[in-house]
Protein chains: 2
Amino acid sequence: MQVDEGSTRWLEPAEMRAWLSYVAGSTLLEAALDRQLQRDSGMPHAYYQILAMLSEAPDRTRRMSDLAAATQSSQSRLSHAVSRLEANGWVRRSQCPDDRRGTLATLTEQGMAVLREAAPGHVRTVREHLFDRLTPEQVEQLTDIWQTVLEGMGDRDGVPAAARAVLGEAAR
Amino acid sequence: MQVDEGSTRWLEPAEMRAWLSYVAGSTLLEAALDRQLQRDSGMPHAYYQILAMLSEAPDRTRRMSDLAAATQSSQSRLSHAVSRLEANGWVRRSQCPDDRRGTLATLTEQGMAVLREAAPGHVRTVREHLFDRLTPEQVEQLTDIWQTVLEGMGDRDGVPAAARAVLGEAAR
DNA sequence: TGGTTGAACTTGAACGTTCAACTACTGGAG
DNA sequence: CTCCAGTAGTTGAACGTTCAAGTTCAACCA
């Protein structure tokens, strides 16, 4: 831990309000998403994101490291998650032909069916708690704020620089 | 799962951009906070929040259910967390005098010391990734957006209505 | 060609969270 | 006073994530 007493720039009152609101709101929102998806489709939000990312890829297939970056996940986390999804029959692993170190993850038909069933309820929950409460201007503000944060996350702190690929995703 | 095919209001392109940006950014931000706190102070962000909330309470003491609401935590989660914090010597449990079902959690001197050591690095990380990149207008926008979300979270979906107490906290 | 560095992925243990009981107590209603 | 519904809190098992190895292969260099 860096010792820095006396020179710490504490949060301004407005920043503290923003921080407490954001932390409380995003925590409760994420909990609501997890509860809804777990209850209705037997998976947490993180697993839904994996299926969703796969569903939009060519051949519904992506390389593990690629998929990890696209879902803001560590390789280990993704590996465990895909193991679980594979056991469910929702994803299939195969050898990457170009690079024998690589592994490809493919969404199965069954996985696609589960995703299609899950999607409406998930979108409804996101709308109910977030977008149906925000003005169009606020939606733009939210985008700008988090794009700014993402730009700063690129090459700092041990975050894999590949995470910046997400920017391309989000802006497409 | 409610069957609702055909009537689902999917996300608009602007909403999808906002959603992907927010999910990616907040996931990476939370991961960065957890990594920094774990590395420098041996605790995750959620535990820091518990210590912080206790530190600002009268007598550095709060009732468990109260503390759970203030930290957007389930009772079970808080109970496990406080057990761990107690084992560390950072928090002490005691019987609530008014209500024999109740338990009070108190921040110890040692816990206060750990929190004081942890705070500068934590604030620095929050600044580095968030506030130092946002304009004052964006800070206000962030507050408004999440206050709006919090207002909608009050009595829906099994979220304890007491979570609205957080609003008071954030607005103080 | 052989050796070294680093990338891709997996594994198992430790940790934190959720979920579903379960205990203990409170605040009425009869 | 007794009963009963509801509140406060804890517990243990299941689950998901992190962390620190470990394995396998690619890329580069000597």
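Chain letters run A, B, ... following the sequence lines, proteins first and then strands; every chain starts at 1.
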Tell me whether the OP1 or OP2 atom of [N] has a side-chain N or O from [X] closer than 4.0 Å.
X     : N      : answer
A:R63 : C:dC9  : yes
A:R84 : D:dG16 : yes
A:S83 : C:dT10 : no

Roughly, in whole Å, what's the span from [atom1] in [X] to [atom2] in [N]?
X     : N      : atom1 : atom2 : answer
B:L67 : D:dA8  : CG    : C1'   : 14 Å
B:R39 : D:dT18 : CZ    : P     : 16 Å
A:Q49 : D:dT17 : CD    : C1'   : 14 Å
B:L78 : C:dT18 : CG    : P     : 11 Å
B:L28 : D:dT18 : CG    : P     : 11 Å
B:L37 : C:dC15 : CG    : P     : 17 Å
B:H45 : D:dT18 : NE2   : P     : 15 Å
B:Y47 : D:dT18 : OH    : C1'   : 14 Å

- Query: Of the candidate nucleotides D:dG9, D:dA26, C:dT26, which contains the atom at the shortest distance from the side chain of A:D99?
  - Reply: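 Side chain of A:D99 sits closest to D:dA26.
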- Message: Given C:dT18, D:dG9, C:dA8, identify the nucleotide with an atom nearest to the side chain of B:S74.
- Response: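 Taking heavy atoms from C-beta onward, the closest nucleotide is C:dT18.
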- Salt bridge present between A:R62 and A:E56 (N-O < 4.0 angstrom):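 Salt bridge between A:R62 and A:E56, a charged N being under 4.0 Å from a carboxylate O: no.
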- May I ask you to decide whether B:R60 forms a salt bridge with B:E109, counting only side-chain N to carboxylate O separations under 4.0 Å?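 Looking at B:R60 and B:E109, the cut-off is met.
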- Is there a path of hydrophobic side-chain contacts, each under 4.5 Å between heavy atoms of I, L, V, M, F, W or Y residues, that connects A:Y47 with A:L37?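 Both belong to a single hydrophobic cluster.
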- Message: Categorize B:T103 for me: base, sugar-phosphate, or nothing, with a 4.0 angstrom heavy-atom threshold over every strand shown.
- Response: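 Sugar-phosphate only.
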- Task: For A:D34, report the nucleic acid contact type (base, sugar-phosphate, nothing); a contact means any heavy atom under 4.0 Å.
- Result: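 Here A:D34 touches no strand at all.
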- Closer to the 5' end of DNA chain C via nearest nucleotide, is it A:D66 or A:A31?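 The residue closer to the strand's 5' end, by nearest nucleotide, is A:D66.
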- Aromatic plane relationship, B:W19 with A:F131 - under 30° parallel, 30 to 60° tilted, over 60° perpendicular: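 A:F131 vs B:W19 ring planes: perpendicular.
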- Task: Please work out whether the ring planes of B:W146 and B:Y22 are parallel, tilted or perpendicular, with thresholds of 30° and 60°.
- Result: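 Rings of B:W146 and B:Y22: tilted, as their planes differ by 30° to 60°.
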Heavy-atom donor-acceptor pair, [X] side-chain to [N] base, under 3.5 Å:
X      : N      : answer
B:R101 : D:dT7  : yes
A:H80  : C:dG12 : yes
B:S76  : D:dT11 : yes

- Message: Using side-chain heavy atoms (C-beta onward) and a distance below 4.5 Å, is B:W90 in contact with B:L115?
- Response: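 Side-chain contact under 4.5 Å: no.
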- Item | DNA chain C contacts made by residues 86-96 of chain A, counting heavy atoms under 4.0 Å |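 Only A:R93 qualify.
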- Start with the C-alpha distance between A:L51 and A:M43, add both sets of side-chain angles, then the distance that settles side-chain contact (heavy atoms from CB on, under 4.5 Å), and finish with yes or no. CA-CA 10 Å; A:L51 299 188; A:M43 67 182 129; 3.8 Å; yes
- Task: Go through the steps to decide whether B:R124 and B:Q36 satisfy the test side-chain contact (heavy atoms from CB on, under 4.5 Å), and finish with yes or no.
- Result: CA-CA 10 Å; B:R124 198 176 305 117; B:Q36 183 274 321; over 6 Å; no
- Select from A:R100 and A:M43 the residue whose nearest nucleotide in DNA chain D is closer to the 5' end of that strand.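 With A:R100 and A:M43 compared, the 5'-side residue is A:M43.
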